[in-house]
Amino acid sequence: MQTSALPDLAHTATKPVHWLATAAAMAGVVALAGLLQPRTATATATAPEKRTTTPVAAPDPATVAFPLECGGAGTTVAKQAPGDLDGDGRPETVAVVHCDAGSGTPPSGIYVLTQRSGAAPRVVATLVDPADRKTVGDFAVREGRVSATLLGYSSLEVPRCCPDQEEQASWRWKGNAFVRTSGDLARSV
């Protein structure tokens, strides 16, 4: 065997105290690892609706500037309903909005609002434009669908207080837009 010109290294001349210190250190690591184990996992199936996550609030329509031309009069959010319309797990708000009017029945708009984390709510879709001169009767958001009863006028001679046409309308999110999925032809009331 060839001898080295270098001095002996510490690990080449081990003593029982070294082995005892190594064994004690390893026992400490194993004991600590036993204390820091994660809780036992259980495999249970839960529906996404039943998860205990922090619910996300639907956008507040009171903080939105709607695309209505009201000539200095304010806007009124007549009806609103939350719902996850696009299936992303975050609720949208659907709002029925019209201009403040002293009398008569101003036309309504139906708007879909969304809000990203930390951002202000904004209008992402107009389902009914006030320019269509419709008012909204019944209104609901259920199971990803918006439905409304639209009231209108057969002619300019019909008083604005008393719509004489009624139409059922419904919208669903498909792909990247809201699609009107049903609707009766306008009929007299």
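This one's a predicted model, so the numbers in the text were calculated from it and none came from an experiment.
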Approximate separation, where rounding is to 0.5 Å, of [X] [atom1] and [Y] [atom2]:
| X | Y | atom1 | atom2 | answer |
| --- | --- | --- | --- | --- |
| D86 | W173 | CG | CH2 | 6.5 Å |
| T63 | R122 | OG1 | CZ | 13.0 Å |
| T76 | F66 | OG1 | CZ | 10.5 Å |
| L151 | T135 | CG | OG1 | 4.0 Å |
| T93 | D60 | OG1 | CG | 7.5 Å |

In this structure, are over 12 heavy atoms from other groups packed under 6.0 Å from R172 atom CZ?
-> yes
Reference residue S108; test side chain to side chain contact (heavy atoms under 4.5 Å, CB included); the match among H98, R133, K134 = H98
Less than 4.5 Å apart, any side-chain heavy atom of V112 and any of V123?
-> no
Does P107 reach the side chain of D132, with side-chain heavy atoms less than 4.5 Å apart?
-> no
Same hydrophobic cluster for [X] and [Y], using side-chain heavy-atom links shorter than 4.5 Å among ILVMFWY?
| X | Y | result |
| --- | --- | --- |
| L113 | L127 | no |
| I110 | V77 | no |
| V136 | V64 | no |
| L150 | V146 | yes |
| Y111 | F139 | no |

So which heavy atom on [X] is nearest to which on [Y], and how close?
| X | Y | answer |
| --- | --- | --- |
| C99 | P106 | O-CG, 3.4 Å |
| A95 | P61 | CB-CB, 4.2 Å |
| P130 | L68 | CG-CD2, 3.0 Å |

Check: F178 ring centroid to W171 ring centroid under 6.0 Å | no
Donor-acceptor under 3.5 Å ([X] side chain, [Y] main chain):
| X | Y | value |
| --- | --- | --- |
| D138 | T149 | no |
| D100 | A73 | no |
| S170 | S147 | no |
| D84 | G87 | yes |

Would you call E92 and R116 a salt bridge, taking side-chain N to carboxylate O under 4.0 Å as the test?
-> no
